[in-house]
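Here the structure comes first, spelled out in structure tokens, and everything after it is commentary.
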Amino acid sequence: ARAARAARAARAARRWRGGRPDAREHGELRLSMATACSGTDAPVVAMRVAQEALARRGTFFEFDHVMSCEIEPYKQSFIARNNPGVLLFNDIAECGATPRGKSATTAYGGLAAVPSASMIVAGTSCKDFSNLKGKDRKSIEAMGTSGETFIGFVNLLFEQQHDVGILENVQGAEWDKMAYYIEGRLPLRSVAPGGGGAKVHELRFEVAGDAFVVSEVSEFAAARLGARLLGFREVGARHQSTSKKKPPFFEPGGGALTPISSAQFRGSAVGLASLCERFGLGDDHELCFAAPVAYRTTLAYLDAKEWGVPQTRARKYMLLWKEGSFGEGVEVARRWHELCTHLRCPLKYNVDSFLLADENDAPPLPSTSPSPPPPLSSALGQRRPLRRRPPRLLPPPPPRLPLLPARTARCPVAALTPRPLPPQRVHRFRDALRGPLGRLTAVSRQGGDWWGEQANKDTQANKDFRACRGGKVGQFLKTPLAELSRPYTNWGGQGQASLASHTWWSELVSVLSQRQLDMIDCFGVKAAELGLDPLHHSLWWNISQNVGRTENIPLPGITGCITPGGEHFGPHKGRSILGYEKLLLSGIPADKLLLGTESEVQLSDLAGNAMVMPVVSAAILAVLCLPAYARKLAEDAKFSLASLASHEAGGGARGGAATFSEGQRVELRCGERWEPANIADVNEDGTYDVALAAGAADA
């Protein structure tokens with residue numbers, strides 16, 4: 001028996017080594033990370049989840065979180081509470097302006113050297129890039145909040161010379177200009193589309209020795225202030241996408257670099273237009289600037305609902321890496337995109353599964369006897385699936401191992417243990433709405449008549465919605481609705497309301513503004529027009545925006561993008577989504593984190609600014625798996641990630657380990673019926689010898 005067990009263990013070890021390149025031998029199960037402007041530090045939580053999952057399989061993933069950077073005080077408190085011992089800096093602009101090895105101001109007012117790391121993950125401010133800003137959007141060069149944080153990130157990247165970086169922001173950000181800043185190139189066609197342009201001269205250079213140096217930047221040209229011009233070359237291919245989500249992008253030029261010297265130039269300064277005229281440059285050329293480090297970039301469009309989160313949060317992620325950091329001949333951009341796509345997971349749970357029950361109370365205190373905490377991956381284990389099916393041939397659960405002790409104070413894996421929910425979180429929120437503050441808010445929001453004497457431009461937008469005037473195709477009503485028809489709220493002046501369902505939170509409805517109440521009526525009629533009953537279908541409306549700026553018929557069971565000030569109302573529940581629940585909808589295991597005195601508004605802000613954890617986790621894990629993936633392709637040109645997926649679905653476990661064990665009782669499908677059976681043996685190729693149980697019909 002001992003010999004048989006040893007043989008089975010040896011076969012399992014061979015399957016493990018053969019199924020996955022051994023990343024430990026290549027030093028790839030090691031990561032030091034710096035984060036900046038990432039809100040809740042979701043990338044760090046994601047890597048702790050991965051660290052714990054690998055620990056349960058007996059593999060140690062060496063992860064070190066070296067620094068964070070956040071300017072909001074309550075977010076600093078949140079990060080410091082959940083990452084004890086980690087350096088926390090105050091301003092990314094100051095960190096970027098700090099030379100390598102020098103000190104910057106921390107969140108506590110002291111000074112500390114800015115550490116370097118192998119990877120930096122940042123989510124710079126999106127306020128000025130958001131489409132919701134309308135005409136008030138600002139470019140990078142305007143140096144608003146978005147431009148200042150991005151320039152600080154670029155300076156920090158060049159000073160610390162990280163091997164890899166991941167940058168997240170909204171779709172409407174100036175991604176092409178961001179890439180040109182980082183790569184140190186400027187396609188002239190991107191400066192003045194179609195040639196010419198009245199403001200091309202705004203980019204100016206000064207003569208410094210025998211070189212031209214950028215002395216004045218322009219919002220039409222992506223060039224770093226103080227960058228030295230090396231020369232020009234022919235521009236690469238221009239990628240024009242049919243989707244508005246993907247702007248045109250120019251590949252690096254394929255021609256040889258032609259140096260530009262100011263030795264024979266007369267004068268102390270020159271504009272871009274004069275420079276182009278002097279050297280005969282046109283739309284088929286690009287300028288090349290000197291950069292401290294040579295980086296390459298690629299861009300990916302990632303939507304949260306494709307990674308198992310019921311939220312339509314479409315963001316773009318930029319991967320940037322040092323040239324040659326992944327070896328010679330490796331198609332980094334292509335392989336990273338393939339791995340990110342492979343790591344997608346189907347959406348199994350709707351928004352309702354993430355909501356706390358109305359009678360939410362604190363869980364019972366743990367007993368004095370020690371017991372292993374549940375894994376981080378089961379943080380949302382109380383969700384209800386959309387459909388339940390009888391289990392068939394389910395694999396046994398993996399052995400539960402205790403969490404590894406913290407390697408250092410910077411890696412508090414054991415600190416991520418389940419934390420009891422605050423007592424009666426839902427009740428406290430509803431009690432606050434019933435209290436003096438809620439009553440004061442109700443008076444300020446629902447006083448007067450928004451439809452008449454206090455009408456504004458939002459009132460006119462709602463009237464246009466009802467009258468079928470304007471709006472995008474299919475967004476407004478097809479059949480006109482009377483102005484005073486309010487079938488769901490029956491709202492009126494001075495806080496009058498008569499709700500369509502007794503299950504609605506009346507104290508919440510009382511603090512909604514008249515504009516928001518009218519939006520509920522408008523959207524409810526629009527849903528009914530499409531054959532959907534909003535009192536029974538899981539529809540979630542963002543009533544914090546104008547009636548023409550939000551999606552009135554979202555996908556059932558999926559909420560729109562969670563923003564810091566967003567208020568998502570579900571008419572079938574008669575309530576909005578709390579800040580704590582928004583963290584869960586961002587994939588963040590809030591019950592495993594230390595929450596302090598953050599209000600629901602602050603928790604909403606944390607969730608609205610946070611990266612969706614499954615998405616950023618896929619982006620980071622794809623980087624870690626990229627070298628092994630490239631080696632596997634070099635060994636076997638026919639290898640594909642689809643074969644891994646089919647092997648996992650067909651019975652082989654991830655990494656080559658067996659899904660079923662010898663002697664396990666299973667059910668075998670024989671035609672249209674199921675028969676009891678036993679696993680007789682586990683073969684080396686991942687297949688099984690299955691024996692029908694005694695008394696089963698012949699098959």
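Worth knowing before you read on, the calculation uses all heavy atoms, side chains too, and leaves out hydrogens, waters and symmetry mates. We count residues from 1, following the sequence as given.
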Seminar exercise, completed: Of all heavy-atom pairs linking W336 and A300, the shortest is CZ3-CB, 3.6 Å
Exercise. Can you check whether R315 reaches V170 side chain to side chain, under 4.5 Å on heavy atoms?
Worked result: yes
Exercise. Less than 4.0 Å between a side-chain N and a carboxylate O, is that true for R100 and E159?
Worked result: no
Exercise. Looking at side-chain heavy atoms only, is the closest gap between L186 and L203 below 4.5 Å?
Worked result: yes
Exercise. Hey, are the side chains of M33 and V121 touching, using non-hydrogen atoms and a 4.5 Å cut-off?
Worked result: yes
Problem set entry | Salt bridge flag under 4.0 Å for residues K305 and D303 | yes
For this session: Please check if any side-chain donor atom of E72 sits under 3.5 Å from a side-chain acceptor atom of N609, or the reverse.
Result: no
For this session: For the residue pair H65 and F63, categorise the inter-ring angle as parallel (less than 30°), tilted (30 to 60°) or perpendicular (more than 60°).
Result: parallel
Exercise. So do the side chains of V66 and V86 get within less than 4.5 Å of each other, counting heavy atoms only?
Worked result: no
Exercise. Got a donor-acceptor contact below 3.5 angstrom from the N542 side chain to the G566 backbone?
Worked result: no
For this session: For the pair F205 and F289, name the ring-plane relationship: parallel under 30°, tilted 30 to 60°, perpendicular over 60°.
Result: parallel
Exercise. Is any side-chain heavy atom of Y181 less than 4.5 Å from a side-chain heavy atom of I151?
Worked result: yes
For this session: Give the C-alpha distance, both sets of side-chain angles, the deciding distance and a yes or no for salt bridge (Lys or Arg N to Asp or Glu O under 4.0 Å) between E331 and R334.
Result: CA-CA 6 Å; E331 299 177 273; R334 180 180 177 182; 3.6 Å; yes
Problem set entry | S68 side chain to D41 side chain, donor-acceptor N/O pair below 3.5 angstrom | yes
For this session: Could you verify whether a donor N or O on one side chain and an acceptor N or O on the other, from Y317 and N169, lie under 3.5 Å apart?
Result: no
